> 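Quick one: the structure is below, and I'll ask about it shortly.
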Amino acid sequence: MRHKISEEDPIGHIPLFANLSADDRAAIHRLMTEVSVEAGEVLATEGSRGQEFFVIISGSASVDRGGVHLADVGPGDFQGEISLLDGGPRTATITATTPMKLLVATHQEFSSLLDTTPLIARRMLPALAHRVRAIADDPH
């Protein structure tokens, strides 16, 4: 089920969006869509073309690469940005392990979000660096 997030929905508890200005929060409300998914739904498939960026509001998912479990992700985590940033294929398969609520942005919405709210891009950088280091430390 997809619907635009309402202005009343609190997103301040999500670290990526914490302490943003009213204008920045309004941009998020305009650009992102709230989506509900069931356990077992594949959110991203390794090797496929990236179409969406998502932030987890509730629930959890498994991140796997090459059939190997890498991590579990949950509320406040975000996924999907790498392939949207570089145009390359998805680097992992992400599967919902519980029912989830997500905030989702298409490639165009994601680009607009970064353009209108540069603080979000700066907040993504440490997570991206952590992911690159994890791959460098254990490429399997």
Side-chain angles (χ1 to χ4, degrees):
M1 176 191 321
R2 297 178 74 96
H3 56 83
K4 284 295 184 188
I5 57 176
S6 73
E7 293 293 330
E8 293 80 34
D9 283 351
I11 59 174
H13 69 282
I14 298 170
L16 190 59
F17 304 137
N19 302 317
L20 293 177
S21 71
D23 288 343
D24 289 342
R25 291 172 67 89
I28 293 165
H29 287 293
R30 282 192 308 275
L31 292 170
M32 298 192 81
T33 302
E34 187 175 310
V35 177
S36 297
V37 299
E38 296 299 322
E41 186 167 335
V42 176
L43 307 175
T45 303
E46 181 180 0
S48 68
R49 182 172 177 241
Q51 300 290 325
E52 298 171 317
F53 163 74
F54 54 92
V55 179
I56 301 170
I57 298 173
S58 66
S60 61
S62 174
V63 180
D64 301 282
R65 182 180 311 121
V68 175
H69 179 73
L70 300 178
D72 293 308
V73 291
D77 290 324
F78 57 89
Q79 301 290 316
E81 75 288 348
I82 294 172
S83 63
L84 296 184
L85 288 169
D86 72 2
R90 295 283 195 198
T91 59
T93 296
I94 303 166
T95 306
T97 53
T98 68
M100 299 179 76
K101 286 192 190 268
L102 310 167
L103 293 179
V104 179
T106 64
H107 190 276
Q108 183 177 1
E109 291 164 340
F110 178 72
S111 293
S112 294
L113 187 63
L114 296 182
D115 288 343
T116 61
T117 316
L119 179 57
I120 290 175
R122 283 199 305 274
R123 288 182 178 171
M124 284 182 186
L125 291 175
L128 287 169
H130 175 76
R131 292 175 192 174
V132 168
R133 284 186 188 279
I135 291 169
D137 290 344
D138 184 9
H140 303 97

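What you see is a predicted model, and the numbers here were worked out from it, not measured in a lab.
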> Can you name the closest pair of heavy atoms from Arg25 and Leu20 and give their distance?
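That closest heavy-atom pairing would be CD-O, 3.7 Å.
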> Tabulate below the donor-acceptor pairs under 3.5 Å that side-chain atoms of residues 78-86 make, not counting sequence neighbours, or state none.
residue : atom : partner : partner atom : Å
Glu81   : OE1  : Arg131  : NH1          : 3.1
Glu81   : OE2  : Arg131  : NH1          : 2.3
Ser83   : OG   : Arg90   : NH1          : 3.2
Asp86   : OD1  : Gly88   : N            : 2.7

> Just by distance, with hydrogens left out, do Thr106 and Glu109 show a side-chain donor and acceptor under 3.5 Å apart?
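A donor-acceptor contact under 3.5 Å links the two side chains.
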> Please report the interatomic distance NE2(His107) to CZ(Arg49), rounded to the nearest 0.5 Å.
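Atom-to-atom, His107:NE2 and Arg49:CZ are 7.5 Å apart.
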> Are the side chains of Leu70 and Asp64 in touch, meaning some heavy atoms are under 4.5 Å apart?
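Not in contact.
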> Within the 4.5 Å heavy-atom criterion, are Asp24 and Thr116 side-chain neighbours or not?
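Side-chain contact under 4.5 Å: no.
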> Please say yes or no: joined through hydrophobic side-chain contacts below 4.5 Å, possibly via intermediate residues, are Leu113 and Leu128 part of one cluster?
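In one cluster: yes.
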> Heavy atoms, side chains only, cut-off 4.5 Å: are Val42 and Ile94 in contact?
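They are not in contact (no side-chain heavy atoms under 4.5 Å apart), so the answer is no.
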> Would you check if the side chain of Ser48 reaches a backbone N or O of Thr45 as a donor-acceptor pair within less than 3.5 Å?
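It does hold such a pair.
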> Is there side-chain contact between Lys101 and Glu34, with heavy atoms separated by less than 4.5 Å?
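They are in side-chain contact.
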> May I have all residue pairs that pass ring pair (Phe, Tyr, Trp, His ring centres under 6.0 Å) and include part of residues 81-103, sequence neighbours excluded?
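For residues 81-103: none.
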> Yes or no on side chain to side chain contact (heavy atoms under 4.5 Å, CB included) for Ile14 and Leu103, after CA distance, side-chain angles and deciding distance?
CA-CA 11 Å; Ile14 298 170; Leu103 293 179; 4.2 Å; yes
> Tell me yes or no: between the side chains of Ser21 and Asp23, is some donor less than 3.5 Å from an acceptor?
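Short answer, no.
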> Kindly list each side-chain donor-acceptor pair under 3.5 angstrom involving residues 118-126, sequence neighbours excluded, with atom names and distances?
residue : atom : partner : partner atom : Å
Arg123  : NH1  : Pro15   : O            : 3.3
Arg123  : NH1  : Leu16   : O            : 3.1
Arg123  : NH1  : Ala18   : O            : 2.5
Arg123  : NH2  : Ala18   : O            : 2.7

> Side-chain contact test, heavy atoms from C-beta onward, threshold under 4.5 Å: evaluate it for Thr33 versus Leu102 and give yes or no.
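The answer is no, as the side chains (C-beta and beyond) never meet within the 4.5 Å cut-off.
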> Would you say the side chain of Phe17 lies within less than 4.5 Å of the side chain of Val55, judging by non-hydrogen atoms?
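Yes; the side chains approach each other to less than 4.5 Å.
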> Who pairs with Glu46 by side-chain contact (heavy atoms from CB on, under 4.5 Å), at least two apart in sequence or on another chain?
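In terms of side-chain contact (heavy atoms from CB on, under 4.5 Å), with neighbours along the sequence ignored, Glu46 is linked to Arg65, Thr93.
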> Which atom pair, heavy atoms only, marks the closest approach of Pro75 to Gly59?
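Taking every non-hydrogen atom into account, CD-O, 3.3 Å.
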> For Ala61 versus Leu43, what's the shortest heavy-atom pair and its separation?
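Scanning both residues, the minimum pair turns out to be CB-CD1, 4.4 Å.
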> Which atom pair, heavy atoms only, marks the closest approach of Val37 to Ala96?
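Looking at all heavy atoms of both residues, the shortest contact is CG2-CB, 4.2 Å.
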> For Phe110, check ring pair (Phe, Tyr, Trp, His ring centres under 6.0 Å) against everything at least two apart and list the hits.
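Residues passing ring pair (Phe, Tyr, Trp, His ring centres under 6.0 Å) with Phe110: Phe53.
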> Applying side-chain contact (heavy atoms from CB on, under 4.5 Å), name anything that partners Thr98, two or more places apart in sequence or on another chain.
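By the side-chain contact (heavy atoms from CB on, under 4.5 Å) rule, Thr98 matches Ser60, Met100.
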